[in-house]
Amino acid sequence: MNIEQFMQGYKQAWEQADEAMFCALFGADGEYRNTPFALQRGHAQLAAYWRRVKLQEDVHVSYQVLASDAQGGMAPWHVTYKVPSEE
């Protein structure tokens, strides 16, 4: 999977709030860091973390691939969403 395919999948997984689609972007022991201090490893942890996006509404993800090679690439991304109030 190249960086463009990864970012397109990431965008779709977030906008569709689909943890299975998110996990499919990673190998069985893949890692995701939502902050430098929080690590999710493996599909079970990835899915559990990604379920939080179900609390978000009106999600829009944009990105731009700046560099790409056989090892990966670089793509800054931006997301906007709403979190409805419980009240």
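Here the structure is a predicted model, which means the values were calculated and not measured.
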Q: Linking directly or through intermediates, with side-chain heavy atoms under 4.5 Å: list the remaining ILVMFWY members grouped with Met7, chain and number order.
A: Met1, Ile3, Phe6, Tyr10, Trp14, Phe22, Leu25, Phe26, Tyr32, Leu46, Tyr49, Trp50, Val53, Val59, Val61, Tyr63, Val65, Trp77, Val79, Tyr81, Val83
Q: Give, for atom CD of Gln56 and atom CD of Glu15, the distance between the pair rounded to the nearest 0.5 Å.
A: 11.0 Å
Q: Please answer whether the main-chain N or O of Gly42 pairs with a side-chain N or O of Gln45 as donor and acceptor at a distance below 3.5 Å.
A: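 Such a contact is absent between Gln45 side chain and Gly42 backbone.
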Q: For a 4.5 angstrom cut-off between non-hydrogen side-chain atoms, does Met21 reach Gln12?
A: yes
Q: Determine the minimum heavy-atom distance between Cys23 and Ala47, stating which atoms define it.
A: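 Shortest heavy-atom contact: SG-N, 3.6 Å.
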Q: Report yes or no: does His60 contribute a side-chain atom to a donor-acceptor pair with the main-chain N or O of Thr80 at less than 3.5 Å?
A: no
Q: Give the intermediate values and the outcome of salt bridge (Lys or Arg N to Asp or Glu O under 4.0 Å) for residues Glu57 and Lys82.
A: CA-CA 5 Å; Glu57 296 178 348; Lys82 297 176 186 173; over 6 Å; no
Q: Looking at CG of Asp18 and CZ of Arg51, how far apart are the two atoms once the value is rounded to the nearest 0.5 Å?
A: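 Answer rounded to 0.5 Å: 11.0 Å.
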Q: Would the number of heavy atoms belonging to other residues, nucleotides or ligands and lying under 6.0 Å from NZ of Lys54 be above 12?
A: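 Count over threshold, so yes.
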Q: For Glu4, which residues count as a salt bridge (Lys or Arg N to Asp or Glu O under 4.0 Å) partner, sequence neighbours excluded?
A: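 For Glu4, no residue satisfies salt bridge (Lys or Arg N to Asp or Glu O under 4.0 Å) once neighbours in sequence are set aside.
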Q: Looking at Arg41, I want to see if its CZ is surrounded by more than 12 non-hydrogen atoms of other residues, nucleotides or ligands under 6.0 Å.
A: no
